[in-house]
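Okay, structure first, notes after.
Just follow the structure's listing: the first ligand is 1, and inside any ligand the first atom is 1. Positions are given from 1, in the same order as the sequence printed here. What's counted below: heavy atoms across the whole structure, side chains too, no hydrogens, waters or symmetry copies.
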Amino acid sequence: MALQVYIDGDYYSKDDAKISVFDHTLLYGDGVFEGIRVYEGCIFRLRQHLERLYSSARYIMLTISIPLEELTEVVAETVRRNEIRDGYIRLVVTRGEGTLGLSPWHCPKGSIICIADSISLYPAETYEKGLHLVTVPTMRNRNESLNARVKSCNYLNNILAKIEAHNAGCIEALMLDHNGYVVECTGDNIFIIKNARIRTPPTYLGVLEGITRDCIIEIARKKKYAVSEEPFTRFDVFDADEVFLTGTAAEAIPVVEVDKRMIGDGRPGRITKELIAAFRERTTKDGHQVYPS
Ligand code: PMP
């Protein structure tokens with residue numbers, strides 16, 4: 001069966017799922033989105049993802065034409081129609097068709113698009129062996145320019161960083177802010193562990209408030225680890241016993257080398273592995289169940 005894509009109330013097969021070339025999301029990256037996982041028929045933290053989508057839309061003054069409860073059902077129905085049990089959902093709200101100028105008020109109605117498909121981000125062996133990161137020259141957007149908590153369709157900042165990482169032979173980039181503090185990676189949040197103390201950069205530095213990040217913080221605190229959101233520099237990363245990344249697509253993944261400095265003993269750390277295992281256990285339970293049990 002061809003993939004069924006939801007656009008504004010109807011379902012289209014993949015080849016027929018189209019929006020206008022005058023949509024400002026295509027012309028300017030003017031829109032918002034979410035990436036969401038499905039685990040064994042459970043849409044992981046769907047409500048939290050939708051709340052973030054509405055918050056992002058509010059920030060850019062974009063009206064989502066249906067309420068959150070209705071959108072919940074749209075997402076669930078898209079998953080059911082595509083018979084997805086384990087997969088990835090891309091939910092996009094566009095600014096809509098407008099003129100060639102920037103002005104969003106010439107776009108009377110945005111579109112809601114929901115795609116449910118599969119995804120694999122990093123090669124399977126990187127979850128066992130750990131990732132290598134490189135710090136890139138492109139800095140993460142300053143909050144004063146584009147608040148990183150807005151999950152907007154304008155990802156050029158992250159894509160430039162991704163290209164720089166790739167040019168340096170790595171698949172993910174470490175991004176800093178203009179003061180040299182560690183912020184996040186191109187599509188993942190970062191955690192460091194030193195003497196069993198877990199740290200991740202605070203959102204005010206220009207960090208997307210990741211839903212996987214939130215979940216890992218909750219799990220770690222439940223396990224009685226000290227977890228803090230505080231600024232740190234590359235010194236702390238190089239000096240850490242363990243480093244890992246979190247993100248919907250990446251899930252939770254160990255990092256074993258940063259800028260050619262080996263992290264810890266160069267293998268995924270004990271606490272990292274413990275947290276990843278606990279996270280995996282949660283994924284099938286913590287969310288919206290799509291199929292009747
Ligand atoms: N930071 C950035 C820049 C991201 O794009 C993402 C999502 N891919 C994350 C962090 C992780 O957020 P989440 O856990 O909600 O997917």
_I'd like to know if R45 and E218 make a salt bridge, using a cut-off of under 4.0 Å between side-chain N and carboxylate O._
yes

_Out of A148, G187, A161, who is nearest to atom 6 (C) of ligand 1 when you count heavy atoms only?_
G187

*Check the pair D236 / K194 against salt bridge (charged side-chain N to carboxylate O under 4.0 Å, His left out), numbers first and verdict last.*
CA-CA 9 Å; D236 303 289; K194 178 83 179 173; over 6 Å; no

*Closest non-hydrogen protein atom to atom 7 (C) of ligand 1, residue and atom name please, with distance?*
K151 NZ, 3.3 Å

*Do the side chain of E164 and the main chain of T138 share a donor and acceptor less than 3.5 angstrom apart?*
yes

*Check side chain to side chain donor-acceptor pair (under 3.5 Å) between E144 and all other residues, then give those that pass, not counting sequence neighbours.*
R142

Residues 58-74 side chain polar contacts: donor-acceptor under 3.5 Å, at least two apart:
| from | atom 1 | to | atom 2 | distance (Å) |
| --- | --- | --- | --- | --- |
| T72 | OG1 | L68 | O | 2.7 |
| E73 | OE2 | R80 | NH2 | 2.5 |

_Among all protein heavy atoms in this structure, tell me which lies nearest to atom 12 (O) of ligand 1, with the distance rounded to 0.1 Å._
G210 CA, 3.3 Å

*asked:* Counting non-hydrogen protein atoms only, what is the nearest one to atom 5 (O) of ligand 1? Give residue, atom name and distance.
replied: Y155 OH, 2.4 Å

*Have a look at ligand 1 and work out which part of E209, if any, has a heavy atom under 4.0 Å from it: side chain, backbone, both or neither.*
neither

*asked:* Under 3.5 Å between any N/O of I211 and any N/O of ligand 1: does that happen in this structure?
replied: yes

*Run the contact test for T186 against ligand 1 with a 4.0 Å cut-off on heavy atoms, strictly below, and give the result.*
yes

*If you measure from each non-hydrogen atom of R140 to ligand 1, which part falls under 4.0 Å: side chain, backbone, both or neither?*
side chain

*Pair Y155-T186, side-chain donor/acceptor within less than 3.5 Å*: no

_I need the nearest protein heavy-atom contact for atom 14 (O) of ligand 1: residue, atom name and distance, please._
T212 OG1, 2.6 Å

*asked:* Using side-chain heavy atoms (C-beta onward) and a distance below 4.5 Å, is M175 in contact with N157?
replied: yes

_Short side-chain donor-acceptor distance under 3.5 Å, E172 and Y122_ = yes

*Would you confirm whether T25, through its side chain, and R95, through its main-chain N or O, come within 3.5 Å as a donor-acceptor pair?*
yes

*Nearest non-hydrogen protein atom, atom 1 (N) of ligand 1*: E184 OE1, 2.6 Å

_Numbered atoms and elements of ligand 1 in range of T248, under 4.0 angstrom, heavy atoms_ = 13 (P), 14 (O), 15 (O), 16 (O)

*Within a distance under 4.0 Å of any heavy atom of G247, pick out the atoms of ligand 1 and give their elements.*
11 (C), 14 (O), 16 (O)

*Quick one: does K18's side chain have a donor or acceptor within less than 3.5 Å of a partner on D15's backbone?*
yes

*Please confirm whether N158 comes within less than 3.5 Å of ligand 1 when only nitrogen or oxygen atoms on both sides are compared.*
no

_Under 3.5 Å between any N/O of H49 and any N/O of ligand 1: does that happen in this structure?_
no

*Polar-atom distance check: R213 versus ligand 1, any N or O pair below 3.5 Å?*
no

